[in-house]
Amino acid sequence: MQISPAALAAAPAPSALSHSPLVLTAAFVAAVMLSFLVKLWLSSRQMRHVARHRGAVPTAFVGTVPLSAHQKAADYTVARGRFGTLHLAWDTALLIGWTLLGGLDLLNQWALSWRPVLGDMGYQLGLLTAFSVLSGVLDLPWSIYNIFRLEERFGFNRTTLKLFIVDGVKGMAVGALLGLPIAALILWLMAQAGGLWWLWAWGAWMGFTLLMLVIYPTVIAPLFNKFKPLEDTVLRERVQTLMQRCGFAAKGLFVMDGSRRSAHGNAYFTGLGAAKRVVFFDTLLERLDPPEVEAVLAHELGHFKRRHVLQRMVLMFALSLAGFALLGWLSAQAGFYLGLGVRPSLDAPNDALALLLIMLALPPLTFFLTPLTSLWSRRHEFEADAYACAQASGDDLSSALLKLHEDNAGTLTPDPVYARFYYSHPPASERLAAIASLVTASPARAVPPTAGHAA
């Protein structure tokens, strides 16, 4: 999409529209600074609150959580908070540098110099690639410090330098093989599909997203990790029985070598339709007993049975549609580019430039929706816990959550305001209290139902 000379000339005219670049600049700066200050305030609250309660295990966890584990979690939380504060300052400065200080404009002018050789599509894909590579390089020191200093300090890192480099190379290769074709398709639609290009582009993006859900488990994930069928006969039979009574079908049960990179444990569902599979980290299986693994899996099944996954997909589709519609309008406005520190081209397409600008400008604005999405997510977690208590043992779920909390060094004393704003999962004290109330109200739920029980 090109900006006509008339549209560009209209930008400085003495009218309400003439002030749109300045208005956008002011709104962008306000959003960036306000989000930065709110993040800084919340992080400071979290670190002070956790440090203040470091000396004693909360009453509800006395006898179940050692003081040493509680203090390790507090130290880990504070260390990550300090690291996050520095990273936040860097990211904020980088955002301003890319936009209002002219970084993206300089990169675009460099990419334009290759247009006679590469053509319009080549120039735009080159701009997207150059931005991605530079962004990755600028963030690389932070990733290295996080993995090899911070995670190493607390005993979580198991990634070697060789594995880190191999992962990075594979990630770039996969990103190029998958990202460049969909980017080229969207850029082509922006140029050729008329005024409703954003609707067609949204449809293409949704199709790509669904395709990734199908091929990720069997094509992409095995490039980075080894997956082998669950060999523990007792656990496999227990899990299969649970899935049968819950009416859930999966293509297989797999163990992933998560211990190659980290000591953190996890389990997840992945895939779509017939490609669904259950994946356990080997670190999780080393730590939890079979009844506890069953309870954790029942919780994950609860997300499917309560349609949380479907709801989140629908929300993602709706938000992405709104984003494409907004881009469809903004990309034709000269003030959109000028207000964010970039000179639009008069004789070359600005579509890749518009994509980059919307990706840079939206996060500071959408940040303020975080408390709403966090609240929604926490409600889903409570519902999934309730489902797990009905299908497995609530006591086993509680003990599993405590072990995972301890193994992942999750703090038991988060700042309430910070937790309400950011936490996608309820704080441990609230979550375990809710599970205990379910077990007390219906003790039978603490005992796994028989195989013939219908979900």
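All figures in this text were calculated on a predicted structure; none of them were measured in a lab.
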Under the ring-ring contact (aromatic ring centres under 6.0 Å, His included) test, which residues partner His264, sequence neighbours left out?
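Scan of His264 (ring-ring contact (aromatic ring centres under 6.0 Å, His included), adjacent residues dropped) gives Phe156.
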Minimum-distance pair of heavy atoms, taken over all atoms of Glu381 and Ser424
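For Glu381 and Ser424, the tightest heavy-atom pair comes out as CG-O, 3.6 Å.
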If you look at every heavy atom in Leu210 and Met313, which pair is closest and at what distance?
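Taking every non-hydrogen atom into account, CD2-CE, 3.6 Å.
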Any chance you could lay out the side chain to side chain donor-acceptor pair (under 3.5 Å) test for Asn157 and Arg149, step after step, and finish with the verdict?
CA-CA 9 Å; Asn157 177 49; Arg149 291 295 299 274; over 6 Å; no
Verify side-chain contact (heavy atoms from CB on, under 4.5 Å) between Met212 and Thr209, making sure each step is shown before the conclusion.
CA-CA 5 Å; Met212 289 300 101; Thr209 301; 5.8 Å; no
Distance-only criterion, 3.5 Å: show the donor-acceptor pairs between side-chain atoms of residues 28-35 and protein atoms not counting sequence neighbours.
unit_1: Ser35; atom_1: OG; unit_2: Ala31; atom_2: O; d: 2.9
unit_1: Ser35; atom_1: OG; unit_2: Val32; atom_2: O; d: 2.9

Less than 4.5 Å apart, any side-chain heavy atom of [X] and any of [Y]?
| X | Y | result |
| --- | --- | --- |
| Met256 | Phe224 | no |
| Phe324 | Ile186 | yes |
| Arg420 | Ser374 | no |

[X]/[Y] aromatic ring centres below 6.0 Å:
| X | Y | value |
| --- | --- | --- |
| Tyr145 | Trp142 | no |
| Phe336 | Trp329 | no |
| Phe367 | Phe421 | yes |

Give a yes or no on whether a salt bridge exists between Arg238 and Glu294, defined as a side-chain N under 4.0 angstrom from a carboxylate O.
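Glu294 and Arg238: salt-bridged.
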Could you label the plane-to-plane angle of the His303 and His299 rings as parallel, tilted or perpendicular, counting under 30° as parallel and over 60° as perpendicular?
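It falls in the perpendicular class, over 60°.
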Any donor-acceptor pair under 3.5 Å from Asp385 side chain to Ile435 backbone
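Looks like no, no N/O pair under 3.5 Å.
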Quick one, Glu151 with Thr159, criterion side-chain contact (heavy atoms from CB on, under 4.5 Å). Give me CA distance, side-chain angles, the key distance, then yes/no.
CA-CA 10 Å; Glu151 293 291 298; Thr159 302; over 6 Å; no
